[in-house]
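Data first, discussion second: the structure below is written as structure tokens.
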Amino acid sequence: MEIIEIKENKKHFLPLLLLADEQEDMIDRYIDRGTMYVLDDHGVKCACIVTDEGNGILEIKNIATEPEYQGKGYGKALIVFVAAKYKGKYSILQVGTGDSPLTIPFYEKCGFVRSHSIKNFFVDHYDHPIFEDGVQLVDMIYLQKKL
């Protein structure tokens, strides 16, 4: 298993990134200003983009694992890598996600705790309703962990 920083042709991984953020123009808002990593284990299994949000906060803007490899520890391995790489450079690692029974427990298992939310984020910023596991996402829930 190898984790590689992607500096060019980030859009090559767009099909994978769209699994976590299904509207391309939303990805366009952070793909160029973020640092992108892919986890390769005999082929790319997972990708993430992190951004500097100021005030010592590093944010995971997108993390996605190929569906057939979900639940096998790849996403967690990428989060552990990011946390270790940026420890001492940032004080907080945060992630924003929908209030979903699939994603919130995953982040909590990775050591994140709920921080704050943005009301109606998914309704106000996406051109169509976003559903995950049958639940419409409305508010953006932020979770944080200390680095």
Side-chain angles (χ1 to χ4, degrees), residues 1-118 121-122 124-133 137 139-147:
M1 183 171 71
E2 180 181 19
I3 296 175
I4 305 158
E5 182 177 345
I6 304 299
K7 296 183 179 186
E8 297 178 350
N9 301 316
K10 294 177 184 178
K11 283 274 194 139
H12 171 77
F13 298 95
L14 186 61
L16 180 56
L17 297 172
L18 284 166
L19 294 174
D21 192 346
E22 62 186 62
Q23 191 166 301
E24 186 174 351
D25 71 329
M26 293 298 283
I27 294 171
D28 289 341
R29 294 180 182 194
Y30 55 79
I31 194 168
D32 289 331
R33 72 180 181 94
T35 304
M36 182 175 189
Y37 298 98
V38 297
L39 185 151
D40 188 305
D41 187 14
H42 305 288
V44 172
K45 305 292 191 275
C46 188
C48 79
I49 298 174
V50 295
T51 59
D52 181 338
E53 296 300 309
N55 298 320
I57 298 173
L58 182 70
E59 184 169 333
I60 297 171
K61 288 290 193 182
N62 188 311
I63 184 164
T65 302
E66 291 289 356
E68 61 269 31
Y69 298 105
Q70 291 175 3
K72 300 191 183 317
Y74 290 116
K76 184 173 185 177
L78 204 44
I79 288 173
V80 167
F81 167 84
V82 167
K85 180 169 183 63
Y86 291 98
K87 186 178 180 77
K89 298 178 184 117
Y90 292 86
S91 56
I92 300 287
L93 178 61
Q94 82 174 7
V95 62
T97 189
D99 197 359
S100 161
L102 292 179
T103 55
I104 300 285
F106 166 74
Y107 290 117
E108 290 173 338
K109 285 180 189 171
C110 290
F112 289 83
V113 295
R114 287 178 186 245
S115 168
H116 61 285
S117 64
I118 298 176
F121 181 87
F122 291 97
D124 294 342
H125 292 90
Y126 286 81
D127 63 12
H128 62 284
I130 306 289
F131 289 88
E132 189 168 292
D133 199 30
L137 305 183
D139 300 336
M140 174 78 81
I141 308 299
Y142 279 93
L143 298 100
Q144 297 183 335
K145 75 184 274 174
K146 291 188 183 335
L147 292 180

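Computed from a predicted model, the values in this text were never measured in an experiment.
- At a threshold of 4.5 Å between non-hydrogen side-chain atoms, the residues Tyr69 and Leu39 do not count as touching.
- Here the straight-line distance linking atom CG of Asp99 with atom CG of Leu137 works out to 8.0 Å at 0.5 Å rounding.
- Taking all atoms of both residues into account, the shortest heavy-atom contact from Met140 to Phe122 is CA-CE1, 3.9 Å.
- Asp40 has its side chain out of reach of Lys45: every pair of non-hydrogen atoms, C-beta onward, lies at least 4.5 Å apart.
- Once rounded to the nearest 0.5 Å, the distance linking CG of Leu17 with NZ of Lys10 reads 10.0 Å.
- For the pair Glu68 and Lys72, the tightest heavy-atom approach, listed with the atom from each and the gap, is O-CE, 3.6 Å.
- The neighbour count for His12 NE2, taken as heavy atoms of other residues, nucleotides or ligands under 6.0 Å away, does not exceed 12.
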Show which side-chain atoms of residues 105-118 pair as donor or acceptor with protein atoms under 3.5 Å away, not counting sequence neighbours.
none

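- Here the OH atom belonging to Tyr30 is positioned 8.0 Å from the NZ atom belonging to Lys61, to the nearest 0.5 angstrom.
- Residues passing the side-chain hydrogen bond (donor to acceptor under 3.5 Å, both in side chains) test with Tyr126 are Asp21, sequence neighbours excluded.
- Counting all heavy atoms, side chain and backbone alike, Pro101 lies closest to Asp133 at CG-OD2, 3.6 Å.
- Residues that satisfy the side-chain hydrogen bond (donor to acceptor under 3.5 Å, both in side chains) test with His128, not counting sequence neighbours, are Glu22.
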request  = Let me see the working for Lys146 and Ile92 under side chain to side chain contact (heavy atoms under 4.5 Å, CB included), right down to the final yes or no.
outcome  = CA-CA 5 Å; Lys146 291 188 183 335; Ile92 300 287; 4.2 Å; yes
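- Atom CG of residue Asp52 and atom CG of residue Leu58 lie 7.0 Å apart, to the nearest 0.5 angstrom.
- For the pair Ile60 and Leu78, the minimum side-chain heavy-atom distance is 4.5 Å or more.
- Residues passing the salt bridge (Lys or Arg N to Asp or Glu O under 4.0 Å) test with Asp28 are Lys11, sequence neighbours excluded.
- In the displayed structure, Lys7 atom NZ is contacted under 6.0 Å by at most 12 heavy atoms of other residues, nucleotides or ligands.
- Counting heavy atoms from C-beta outward, Tyr74 and Glu66 have side chains that stay 4.5 Å or more apart.
- Aromatic ring pairs are classed by plane angle as parallel below 30°, tilted from 30° to 60° and perpendicular above 60°; the pair Tyr86 and Tyr90 is perpendicular.
- Heavy-atom minimum distance, Gly75 versus Cys46: CA-SG, 3.8 Å.
- Other residues, nucleotides and ligands contribute only 12 or fewer heavy atoms inside 6.0 Å of the CD atom of Glu8.
- Other residues, nucleotides and ligands place no more than 12 heavy atoms under 6.0 Å from the CG atom of Asn55.
- By the salt bridge (Lys or Arg N to Asp or Glu O under 4.0 Å) test, Asp139 is found to be paired with Lys119, residues two or more places apart in sequence or in another chain being considered.
- With sequence neighbours left out, the side chain to side chain contact (heavy atoms under 4.5 Å, CB included) criterion links Glu2 to Ile4.
- Rounding to the nearest 0.5 Å places CZ of Phe13 at 10.5 Å from CD1 of Ile49.
- With rounding to the nearest 0.5 angstrom, the CG atom of Leu14 is 10.0 Å from the CG atom of Leu19.
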